[in-house]
Amino acid sequence: MSVKRLTNIAHRGASAYAPENTLAAFDLALDMGVNDIELDVHFTKDNYIVVIHDDTVERTTNGVGYVSGLTLAQLKKLDAGSWFGKGFSEQRISTLTDVLDRYWGQLNFHIEIKARSVPGLASKTCDMVRNYGIENNVVITSFWKQWVEEAKSHAPEIKTGWLVPLGPGSPWNDSLVDEAVEAKFNQLCPRAELITPTLVNKIQNRGLEVRCHGVFNEDLMRKAVKCGVDGMTINFPDKLRDYLSENDYLID
Ligand code: G3P
Ligand code: CA
């Protein structure tokens, strides 16, 4: 019997249970025995790389404004946890350095270049990864193909994944597989609702890993596992961990 493996990636940390993209959410993922976390990065006004999902701070902090319009000092003053629950008021927006310093050697990082207009962010992220010597523990991802290409051309030794298709509800198109192969990306990352065993095979047969996203419930989680994906981001990695273990997957 062949060994079954699947990468269980805590999406924005264990974000079903703690405020997304905070140290609380990443700590919790680690406590759950997860080896991989996903996080989103942006540039601040003063060119630091910070870990936050949206272009603006309103949804996940008590502040106002664009991340790219605020300095790191301004961003660090914000409460990034109370929106999620009372016990999280000490959570702050982290820099990428904060996260790599804390989890280096313990976790693998799936870093998403989130914004559309951020030339240089992918390269600077790769440089930071090189400084930590964790090139083998990182995948750079984005919905924006140009940032995945920037990472691939700047640091070909670091794995890349392209999140597809762009836009919620947008349909699948097989030409995405051709484009990813041609660009020499390592992973294609389709939305979970679109995958089928045939599509997973088609992508894997072209030499790409299939790492899906948008796994919003346990039915989608089980479907993705059964379709044979190589990995997925998920807000409740404890449930995936248990399901994999019940189904004889190897826990790395
Ligand atoms: O795994 C990719 C996923 O994080 C992409 O969507 O919006 O959650 O960043 P989003
Ligand atoms: Ca993300």
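The analysis underlying the following values was restricted to heavy atoms, covering all of them including side chains, and did not include hydrogens, waters or symmetry mates. We count ligands from 1, going down the list as the structure has it; atoms in each ligand are counted the same way.
Contact record, I113 with W144: O-CD1, 4.4 Å, taken as the closest heavy-atom pair. Counting all heavy atoms, side chain and backbone alike, E179 lies closest to K145 at OE1-NZ, 2.9 Å.
Sorted by first then second residue, the ring-ring contact (aromatic ring centres under 6.0 Å, His included) pairs that include residues 188-241, not counting sequence neighbours, are F143-H213. Residue pairs meeting the salt bridge (charged side-chain N to carboxylate O under 4.0 Å, His left out) criterion with at least one partner in residues 70-82, sequence neighbours excluded, are K76-D98.
Side-chain atoms of N137 and N108 include a donor-acceptor pair closer than 3.5 Å. Residues N8 and Y249 have side chains that never bring a donor and an acceptor to within less than 3.5 angstrom of each other.
Between E112 and R12, no side-chain nitrogen of the basic residue sits less than 4.0 Å from a carboxylate oxygen of the acidic one, so the salt-bridge criterion is not met.
Side-chain contact between V50 and V41 is absent, with no heavy-atom pair separated by less than 4.5 Å. Considering only heavy atoms from C-beta on, D40 stays 4.5 Å or farther from I52 through its side chain.
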N or O contacts of ligand 1 with protein under 3.5 Å, please list pair by pair.
| from | atom 1 | to | atom 2 | distance (Å) |
| --- | --- | --- | --- | --- |
| ligand 1 | 1 (O) | R211 | NH1 | 2.8 |
| ligand 1 | 1 (O) | T233 | OG1 | 2.8 |
| ligand 1 | 4 (O) | H11 | NE2 | 2.8 |
| ligand 1 | 4 (O) | E38 | OE2 | 2.8 |
| ligand 1 | 4 (O) | E112 | OE1 | 3.3 |
| ligand 1 | 7 (O) | R12 | NH2 | 3.4 |
| ligand 1 | 7 (O) | H53 | NE2 | 2.7 |
| ligand 1 | 7 (O) | K114 | NZ | 3.2 |
| ligand 1 | 8 (O) | H11 | NE2 | 2.7 |
| ligand 1 | 8 (O) | R12 | NE | 3.4 |
| ligand 1 | 8 (O) | R12 | NH2 | 2.6 |
| ligand 1 | 9 (O) | D40 | OD1 | 3.3 |
| ligand 1 | 9 (O) | H53 | NE2 | 3.1 |
| ligand 1 | 9 (O) | E112 | OE1 | 2.9 |
| ligand 1 | 9 (O) | K114 | NZ | 2.7 |

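Only protein N, O or S atoms were considered, and those under 3.0 Å from the Ca ion (ligand 2) are E38 OE2, D40 OD1, E112 OE1.
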